[in-house]
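One structure is given below, encoded as structure tokens.
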Protein chains: 2
Amino acid sequence: MKTTNVADSVLKAALDLFSTQGYATTSVQQIVEAAGVTKGAMYHYFQSKDDLLFAIYDRMLSLQKRRLEEIVARGGATTDVLRAVCTDVVETSIDLLPEGTVFFRSMHMLTEPRRKEVTRRRREYHDEFAALVARGQDEGALRTDVPRSVLIAHFFSDVHYLSYWYSPAGPETKTEVAQQLTDLFLRSITVEDR
Amino acid sequence: MKTTNVADSVLKAALDLFSTQGYATTSVQQIVEAAGVTKGAMYHYFQSKDDLLFAIYDRMLSLQKRRLEEIVARGGATTDVLRAVCTDVVETSIDLLPEGTVFFRSMHMLTEPRRKEVTRRRREYHDEFAALVARGQDEGALRTDVPRSVLIAHFFSDVHYLSYWYSPAGPETKTEVAQQLTDLFLRSITVEDR
DNA sequence: CAGGACGTACCGCCCGGTCGGTTTGTTGTC
DNA sequence: GACAACAAACCGACCGGGCGGTACGTCCTG
């Protein structure tokens, strides 16, 4: 409760500054000042500046993974599951917009072991999603004339790009956008029927 | 010819290093060493490290803009023009993959006036593309049940994401990918006919 | 011998990180 | 409940280093 207050406010400040200024151009001094703590306090809870970045990634990756697995576990027709996953990941990504900004912008700044782990966990997510698409293709619901890797990249691109254009202050709510993007995606990857 | 040799090799080295290591984590010393020149020589042709970044952006933006305008100038049915633009920008983006990597990763590192100009020129491109989509909607060829801004973001996301997943060493050629992504995009934004 | 094209030594700054010390909190003892 | 004993939490002055950038000399070309 109290011990986490420092760590929490530091993380919050770091996320805010990293997402607006970038990781490299944000100094530890700025972070602790924004968080209202001292450098000593921060380095008591975190080993390095790198730690802060990784903590942000860790939280985001855990959350996304958990949500994906929950939806898949609920079961249902493949295309329905796919639809649920798509809308959910778009909505979650909008909730985590600052994290997303930092993620794609600063991943290459992580030190080697950590970057490896982030890559590994992203691949896990990717593979689980790919399995879903594969199932859809096997069932004849999804088109096979485009390589699966392209279909998947086509989906992740939307999620990825959100932090570059979406603004909560804009005209569309996150629910609408999630619906619309999912619709666009599914329309493009399903087989032409009737 | 000779005067540009230094500037060229510096820019080439900078692009290479920026795209692999990131802008902030690449020192001017590294760049000049990789380019085989000295710091003095570099600072004779460029005013700052920032200059190098902007030069990369400038080249990329000019090229994309020029290609867009050439295709639009050729005229034709709106959907055909749109298709041509899409495949072309995907192909060009693949040709400029390192530039794209640097672009989306380090744009926020540009100093204020330059970032403003980059934003302005991107908006120019965006607006021209948006006009094309609007024309398609007016003609009844493109769907209007999804906000135009979402349709456009949906397209740019594919282009944007290329530098994160596409590899020339991979199984798909740039021509194939361009065709496939264009197909996915157009399928999702055209009205259901038949 | 003038002036652009460089080479080199150097500067001030600020960064991430440290470290000895102080405060605050917890526990055990009588 | 007073207090010693100890640990965890926290402070902030300080450090070495590497950064972007510069000053100035030198060389080459016309």
Side-chain angles (χ1 to χ4, degrees), chain A residues 1-58 102 105-115, chain B residues 1-58 102 105-115:
Chain A
M1 0 236 110
K2 292 189 72 173
T3 58
T4 52
N5 260 347
V6 170
D8 273 359
S9 56
V10 166
L11 273 183
K12 198 171 283 189
L15 173 61
D16 182 44
L17 289 167
F18 288 168
S19 66
T20 53
Q21 307 184 353
Y23 174 77
T25 42
T26 300
S27 70
V28 173
Q29 202 58 241
Q30 279 183 280
I31 297 172
V32 296
E33 272 169 24
V37 303
T38 61
K39 231 188 204 185
M42 193 219 95
Y43 273 101
H44 181 73
Y45 291 97
F46 300 95
Q47 288 192 11
S48 62
K49 188 187 177 188
D50 192 68
D51 249 27
L52 296 176
L53 191 57
F54 184 73
I56 294 172
Y57 286 10
D58 183 47
V102 177
R105 211 184 245 170
S106 306
M107 191 162 42
H108 61 291
M109 300 271 197
L110 274 177
T111 51
E112 188 54 36
R114 259 109 183 244
R115 191 169 62 234
Chain B
M1 357 248 111
K2 289 189 74 175
T3 59
T4 53
N5 259 347
V6 169
D8 273 358
S9 56
V10 166
L11 273 183
K12 196 170 286 188
L15 173 61
D16 182 44
L17 289 167
F18 288 169
S19 66
T20 53
Q21 308 184 352
Y23 174 76
T25 42
T26 300
S27 70
V28 173
Q29 202 60 242
Q30 280 182 280
I31 297 172
V32 296
E33 273 169 22
V37 304
T38 61
K39 235 188 200 185
M42 193 219 95
Y43 273 100
H44 182 73
Y45 290 98
F46 300 94
Q47 287 191 12
S48 62
K49 190 187 174 187
D50 194 69
D51 250 26
L52 296 176
L53 191 56
F54 184 73
I56 293 173
Y57 286 9
D58 182 47
V102 177
R105 212 186 246 170
S106 307
M107 190 161 44
H108 61 290
M109 301 270 197
L110 274 177
T111 52
E112 189 54 36
R114 258 111 182 243
R115 191 170 60 235

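Throughout, protein chains are lettered first and strands after them, A, B, ... in sequence-line order, and every chain is numbered starting at 1.
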Between C1' on dG7(C) and OH on Tyr45(B), what's the gap in Å once rounded to a whole number? 13 Å
When we call it a touch if two heavy atoms are under 4.0 Å apart, what does Thr25(B) touch: a base, just sugar-phosphate, or nothing? nothing
What's the CD-P distance between Gln29(B) and dG17(D), to the nearest Å? 17 Å
Within residues 10-20 of chain A, find the residues that approach DNA chain D with a heavy atom at under 4.0 Å, and present them sorted by residue number. none
Tell me the interatomic distance from Gln21(A), atom CD, to dC15(C), atom P, rounded to whole angstroms. 11 Å
Using the side-chain contact (heavy atoms from CB on, under 4.5 Å) criterion, which residues pair with Ala41(A)? Sequence neighbours excluded. Val6(A), Val37(A), Thr38(A)
Atom CE in Met42(A), atom CG in Leu52(A): separation rounded to 0.5 Å? 5.0 Å
Just grab all the salt bridge (charged side-chain N to carboxylate O under 4.0 Å, His left out) pairs involving residues 12-35 of chain B, residues at least two apart or on different chains. none
Nucleotide dG20(D), atom C1' - distance to CD of Gln30(B) in whole Å: 13 Å
Decide yes or no for Leu11(A) and Phe46(A): does some side-chain heavy atom of the first lie under 4.5 Å from some side-chain heavy atom of the second? yes
Among dC10(D), dG21(D), dG20(D), which nucleotide sits nearest the side chain of Ser48(B)? dG21(D)
Taking CG from Asp50(A) and C1' from dG17(C), how many angstroms apart are they, rounded to a whole number? 13 Å
Would you say Glu112(B) has more than 12 foreign heavy atoms packed within less than 6.0 Å of its CD? yes
Between dC15(C) (C1') and Met109(A) (CE): distance, integer Å: 14 Å
Rounded to whole Å, how long is the line connecting atom CD1 of Ile31(B) with atom C1' of dG18(D)? 15 Å
Hits for side-chain contact (heavy atoms from CB on, under 4.5 Å) against Ser106(B), two or more places apart or cross-chain, chain-then-number order -> Tyr23(B), Leu53(B), Tyr57(B), Val102(B), Met109(B)
Contact list for DNA chain D against residues 32-44 of chain A - heavy-atom distance below 4.0 Å: Thr38(A), Gly40(A), Ala41(A), His44(A)
In whole Å, I'd like the distance from the NZ atom of Lys49(A) to the C1' atom of dT18(C). 17 Å
Heavy-atom pair of closest approach, residues Lys39(B) and Gln29(B): CE-NE2, 3.5 Å
Evaluate the side-chain proximity of Ile56(B) to Phe18(B): yes if any heavy-atom separation is below 4.5 Å, no if none is. yes
Per the salt bridge (charged side-chain N to carboxylate O under 4.0 Å, His left out) rule, what does the pair list look like for residues 43-58 of chain A, sequence neighbours excluded? Asp50(A)-Arg114(A), Asp51(A)-Arg114(A), Asp58(A)-Arg121(A)
